[in-house]
Structure formats: structure tokens, C-alpha cells
Amino acid sequence: MLLVTLACLLCSVQQSSGQFPRACASAESLRQKECCPLWPGDGSPCGQRSGRGSCQDVVLSRAPLGPQFPFTGVDDREDWPSVFYNRTCRCVDGFMGFHCGDCKFGLRGANCTAQRLLVRRSIFELTGAEKDRFLAYLVLAKRSTSRDYVIATGTYAQMGNGSSPMFRDISVYDLFVWMHYYVSRDTLLGGADVWRDIDFAHEAPGFLPWHRFFLLLWEQEIQKLTGDENFTIPYWDWRDAEVCDICTDEYMGGRHPTNSNLLSPASFFASWQVGCSEEYNSRRTLCDASAEGPLLRNPGNHDRARTPRLPSSADVESCLSLTQYEADPMDKSANFSFRNTLEGFANPLTAIADSSQSSLHNALHIFMNGSMSQVQGSANDPIFILHHAFVDSIFEQWLRRHGPLQEVYPAANAPIGHNRESYMVPFIPVYRNGEFFIPSRDLGYDYAYLIEPGNGFFLVLRGSSNILHIFQHVTTLLSHHRRSRAKWIEHGLGVRRTWVLILALPLVCCVTLGKSLAFSVYVTSSVKWGLRLGVLCGTGIVSNPICLYLPQRLELYLAQSKHLNTIIINILFKKTQRA
Ligand SMILES: *[C@@H]1O[C@H](CO)[C@@H](O)[C@H](O)[C@H]1NC(C)=O
Ligand SMILES: *[C@@H]1O[C@H](CO)[C@@H](O)[C@H](O)[C@H]1NC(C)=O
Ligand SMILES: *[C@@H]1O[C@H](CO)[C@@H](O)[C@H](O)[C@H]1NC(C)=O
Ligand SMILES: *[C@@H]1O[C@H](CO)[C@@H](O)[C@H](O)[C@H]1NC(C)=O
Ligand SMILES: *[C@@H]1O[C@H](CO)[C@@H](O)[C@H](O)[C@H]1NC(C)=O
Ligand SMILES: *[C@@H]1O[C@H](CO)[C@@H](O)[C@H](O)[C@H]1NC(C)=O
């Protein structure tokens, strides 16, 4: 089967990378509230002289927040990053990063103009050498001090409002542990008071985009550290698993022979120390990522009343069929929310929130019964990466099946930090949740198990706003194909329709097969500017030897968002099987 995906993303969203760039961790930077480091390529802030970007005021969203966090002005993460900085680099074209020195995800080259698509594969599909390389990269990241980033070891107030900076070096691996801690930590209210019902990356709509960006950044830091520009993180497909089949010394570490809470001494990670896994609330301070002891894991020793089994394929399928991304009140009590169900606070088969159970994503964390099981320290266990890559792939399947526009992601009334235009904590420069609510291919990556076998190709068109221009590309592409009787199918478009319009269009697709083509256009109720087209070129191809490379099925999705001035077209078609 040949699967071709064509996606045109026009006028792409602003992007840029990371936490407390070293260059901005000075009293001077904090006093000026400016984080616009010099790009070493030309010595100008944000690479301005080379046209990479410029130093700009951070413009905060004023959309109302949900009621979950009843305070203001008590947590450095409110209105991120404004407590620390009100000016950061804004990069243009294909550039991103704290000084615009990196390429956006999916681009490469000296000028960040070449497109690339990286494929994340199952850890079990890596060759022995590839798998060992991945493990070696993890170990290298754990040992190497981050060149670009430092972590904050005190709150802004503890830093004397910036006058006495408290930052320290951190390894590339532990930087990510710390960021995950920092985003999910409780609010210190002074004295012994803490507010626990706050999390800038979980229990709310930002869960999926935040972790998507987090993994991309992680992948990018490993690429930079190792010079292996094609490195991708592997995933662990845990559907229907009965045991932790990656928990062997060959992979992520087996069990210690005498202490079942520890890793086998022969595993790659047996000597790792964890950080940010302890209770920092009582110390009224921030985690400084110092070593706290060995990695803990005891897969299957968890509370079986809470998580009776690992998620099944049926659980995942049921979750994917949910049509709403998010539902009120957009936290862990939300019913019929795809996000809440995938995160694991709702029963995967009914989508009704159930605080007594941990399902899907949460089930894996609980199952590991160790470092993975506490939200704040969970990234200490490298299984976190493999697990979250798979969760991200389910998010990706949902995006492909339902084709939502940006407007589907809640703009207002989400818990603090989770509105569409909120900047994600703790990244600097700034990225909005909504920017990562887009198909993975627009961010330059895909999952091996989601790509159908064959010679697929992928095309992104940027910089044109003319829809006719896109159709020219589409028709040129399809002009090789012959006409066929087409049948409308609703495959993969599980979105409620307010109206359906059937059009017969003389699209070049299938034209030469001499049969008619049916075309369906509809606007979804949830999407103001939405428009989707679906085409199926069906029968009569297999018997025709000339049509061996012709589409058996073709789907064309077109989505236009006036708000973001973005047009996306996805075309998928499959080669007919040789009869
Ligand atoms: C940014 O912060 C600095 C230092 O507090 C202040 O002087 C400046 O007015 C602020 N700029 C904006 C746009 O808020
Ligand atoms: C990058 O852009 C510069 C300036 O436009 C140009 O001189 C150079 O050849 C470009 N490099 C590549 C690899 O495209
Ligand atoms: C920091 O700022 C707060 C609020 O503006 C103020 O109350 C406090 O005294 C300041 N602390 C220091 C050490 O400057
Ligand atoms: C990465 O992949 C590209 C395209 O396949 C190839 O040209 C390049 O040499 C690879 N880079 C490395 C470092 O292997
Ligand atoms: C491991 O599971 C037991 C219940 O079986 C539970 O009491 C304990 O808190 C869990 N440990 C961790 C670290 O999650
Ligand atoms: C979710 O559904 C359950 C069962 O119908 C109901 O008791 C609960 O109030 C609902 N929660 C929300 C937030 O609507």
C-alpha cells in the first residue's frame, strides 16, 4: 500500500526553545527583565543582524482562567514568564530558540530552510546497535552539564526579586527532570501553607501539547549534544502488555535480584541518582536537583484496586473515538473529554471521570510503582520518555482522525496555564499551548506504526495564502491518476456535522478512470471556519493493470483557520494491492 500524505501549512505559527538560558540568569538580566541573548553567529541579540529574530515584549493572554486556582501574585509561574522576564527573543522564518540559533522542529540547514521528517520507532524495532546508541545517549545526557541552561534553585522572592540570582548547573537529562518537577510542583503560599491543586502541565487541556513540546525539546537537546541530527526517541507500545516487557537489562533495566524496588546492577541505569523526587513543600523551597538516591521501580507491585491491568487496545480505541478534545470543567473531573480520558482520570470505556481509578496514561505511572509514580519526579525514570512518546502517538492518532482546528483547543476558562494562548511553563522563550495542537508532521516527525508501509511522501507548502495555488499542487499531484467511481466515506472524520453537502467535482483525481467522482464538503459544528473535503476513489482499480499505482482510497481534508491564517490540506491515498 502506498500512503501519500500531503500537507500544506501556510503562514505557520510563531515558534522558538528551554528553561532559564544561562545567558539570562544574571542579576542584570533579571533587573531589566530581558532575556535576549546574543546569537554567537553574528554577536547580535536574537541574531537580529542576520535576520533571525528580534527582542520583543512578551504579550500575555488576558483570557479568563478557570476557578481552580483562587490566588493571584503568589506563584512565579503565574502569567509565565512575566515574573522573570517581559522581553524575550521572537524568531522569524524557520528559526527558534532562546537566541534564535536553532531551527524550528521539522527544518534543518544553516538557514533552517530544508524540510525534514523524522520517524519515531518502537524500541523493539531498533536494531541492537540503535538501541544501545539510544541508551548510551541517555547515559551521556545524564553525565553532561547543559551548556545552554541552568535551573532556578529559589523563588523570585527568595532571589530578592532578582537582585541575588539563585541558579545552578544541571545535566542535560536532569534539566528535563527539573522542568517536569517545576511545572507540576505545588504553590508555596508562605509558612507551612501550600496549594496542591495546581499543575501547569497535567490535569487540564495543556497536558498533551505540553508533553509534545517537552519531548521535542528533549529530542533536540540530545541531537545537539550528540551531533546525531537524525536521532529520535523510541516509544513503548504498552497496549495489551501484561508485564513491563521493556524492563530487562537489555532495554530499560531488569529487577534487582534481592531488592525488588531497585534496578538490576547489570542495567544501564542502576547507578543513576534521582532528583526532585522528594517532598519539597515542607522545606518551603524549590528542588535544586541534588542527588536523592537510586532510581526506584517495582513494576506490577502497584495497588491493583486502583489499576487492575495495563491499558488494552480496546481502551485506546474507545478513547480515540471521543469527539471532544476537552470538556468542562477542563480538569481531572471532566467527563467525555479525550484529554482527560487519555490522561487516565476517566474510565476509558465510558469516558466518565473516576477518581478511584488510574487508567491509560496514569495506569503506566502507577504500574511502575517507583520513581515514575510521583508526578513531580516521574521523569527521573527514562521509561518516562518511551511512555510519553506512545501517549503522544495516541494524541496524534486523535488529531488525524478528528482533524480539529485550533479553535477546538479551549481559548478561555481552562485551569491556570492551560488556555490556548497561555505560555507554557517553564520554557523560555515563549510557546503557547495551541502551537502544539497540530499534526506531528507539521512539527517534522511521525510514528512508524502510524505510517502505512510503502513509499509515502510528505510535502509542506509555506508562504502562500492562495488556495488556488494549493489546488494547483493537488491537481498536478493527482493528474497521474485515473477516474473512478467514487464513494463518499466518513472514514476518520468523527466530528459532528451540522450540514453535509455532496458535490460532484471534476477534480483531476481518478478522472482518467472514466468514472464519476463524489465529493463531500461539510462544516463541523465545533469549528467556525472549518471545511473538510472527503473523496474516495474506490472500485474498479484492482482489475485494471494500468492502475497498479492508483489510489484505492483517497481522503482529502482541508481545514482553514482565519484566526491563525492557516490552511492545512491532508491527502492520503493508498496503492491498490496487486491482485
Ligand atoms: C519590563 O520590566 C521592566 C523592569 O521592571 C520595566 O521597566 C518595563 O517597563 C517592563 N516592560 C513592559 C513592557 O512591561
Ligand atoms: C544561507 O543564507 C545566506 C544569506 O542569505 C547565504 O549566503 C547562504 O548561502 C545560505 N546557506 C545555505 C546553506 O543555504
Ligand atoms: C520584592 O517585591 C515585593 C513586591 O513588589 C516587595 O514586597 C518585596 O519587599 C521585595 N523584596 C525585596 C527583597 O526587594
Ligand atoms: C540524517 O539524515 C539525512 C537524510 O536521510 C542524511 O542526509 C544525513 O546524512 C543524516 N545525518 C547523519 C548525521 O546521519
Ligand atoms: C507501590 O505500591 C504499593 C501498593 O501495592 C503502594 O503502597 C506504594 O505506595 C507504591 N509505591 C510507589 C512508589 O508508588
Ligand atoms: C460526570 O458524570 C458523572 C456520572 O454521570 C456525574 O456524577 C458527574 O457529576 C459528572 N461530572 C461532571 C464534571 O460533569
Side-chain angles (χ1 to χ4, degrees), residues 27-28 30-33 66-68 71-76 78-79 82-86 102-103 105-110 112-121 126-127 129-130 133-134 136-137 140 152 154-166 188-191 197 203-205 219-233 318-319 322 324-341 343-357 359 410 413-415 418 441 444-446 448 451 455-460:
E28 179 60 10
L30 290 168
R31 191 186 58 75
Q32 294 181 348
K33 290 197 145 201
Q68 291 84 355
F71 306 97
T72 48
V74 298
D75 192 311
D76 292 346
E78 291 173 45
D79 286 328
S82 64
V83 167
F84 295 98
Y85 307 106
N86 62 19
D102 297 325
C103 295
F105 303 120
L107 294 175
R108 72 166 91 206
C112 301
T113 47
Q115 286 166 21
R116 68 165 180 183
L117 180 71
L118 297 178
V119 176
R120 293 181 181 168
R121 288 181 293 155
L126 303 183
T127 64
E130 287 168 338
R133 193 183 313 144
F134 166 62
Y137 287 175
L140 180 67
T155 63
Y156 189 69
Q158 287 166 348
M159 294 185 201
N161 297 345
S163 58
S164 40
M166 296 165 68
L188 305 173
L189 291 171
D197 187 16
E203 303 181 12
E219 213 166 49
Q220 190 185 61
E221 285 299 303
I222 296 288
Q223 288 162 357
K224 286 197 271 184
L225 176 68
T226 61
D228 183 352
E229 57 176 346
N230 298 329
F231 166 77
T232 55
I233 54 175
S318 172
C319 177
L322 294 168
Q324 276 181 284
Y325 177 73
E326 190 55 276
D328 286 335
M330 307 193 225
D331 57 22
K332 63 184 173 187
S333 70
N335 292 333
F336 309 115
S337 150
F338 167 73
R339 187 278 313 159
N340 202 36
T341 308
E343 192 170 359
F345 293 106
N347 180 322
L349 302 177
T350 63
I352 302 287
D354 182 351
S355 60
S356 74
Q357 300 281 295
S359 311
N413 303 315
H418 289 267
R441 281 177 170 254
Y445 74 101
D446 203 343
I451 303 174
N455 310 316
F457 76 87
F458 175 62
L459 182 64
V460 181

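All ligand and atom numbering here is 1-based and tracks the order in the structure. Computed from a predicted structure; not experimentally measured. Heads up: numbering here begins at 1 and tracks the sequence.
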Check your understanding: Using the ring of each side chain (for Trp, its six-membered ring), is Phe231 parallel, tilted or perpendicular to Tyr137, with breaks at 30° and 60°?
Key -> perpendicular

Review point. Got a donor-acceptor contact below 3.5 angstrom from the Arg339 side chain to the Asp331 backbone?
Key: yes

Taking a 3.5 Å cut-off between nitrogen or oxygen atoms, can you list every pair linking ligand 6 to the protein, with distances?
{"residue": "ligand 6", "atom": "2 (O)", "partner": "Asn335", "partner atom": "ND2", "Å": "2.3"}
{"residue": "ligand 6", "atom": "11 (N)", "partner": "Asn335", "partner atom": "ND2", "Å": "3.0"}

Exercise for review: State whether the shortest distance between N or O atoms of Glu229 and N or O atoms of ligand 4 falls below 3.5 angstrom.
Suggested key: yes

Review point. Short question: side chain of Gln68, backbone of Pro329 - any donor-acceptor pair under 3.5 Å?
Key: yes

Check your understanding: Salt bridge or not for Glu130 and Arg133, using N-O below 4.0 Å?
Key -> no

Exercise for review: Just jot down the ligand 4 atoms closer than 4.0 angstrom to any heavy atom of Asn230, in number order.
Suggested key: 1 (C), 2 (O), 3 (C), 8 (C), 10 (C), 11 (N), 12 (C), 14 (O)

Exercise for review: Answer with yes or no whether the side chains of Gln223 and Glu219 bring together a donor and an acceptor at under 3.5 Å.
Suggested key: no

Check your understanding: Under 3.5 Å, is there a donor-acceptor pair between the side chain of Asp76 and the main chain of Tyr156?
Key -> yes

Point to revise | Geometric N/O contact Asp228 with ligand 4, under 3.5 angstrom | key: no

Point to revise | ring-ring contact (aromatic ring centres under 6.0 Å, His included) partners for Tyr85, two or more places apart | key: none

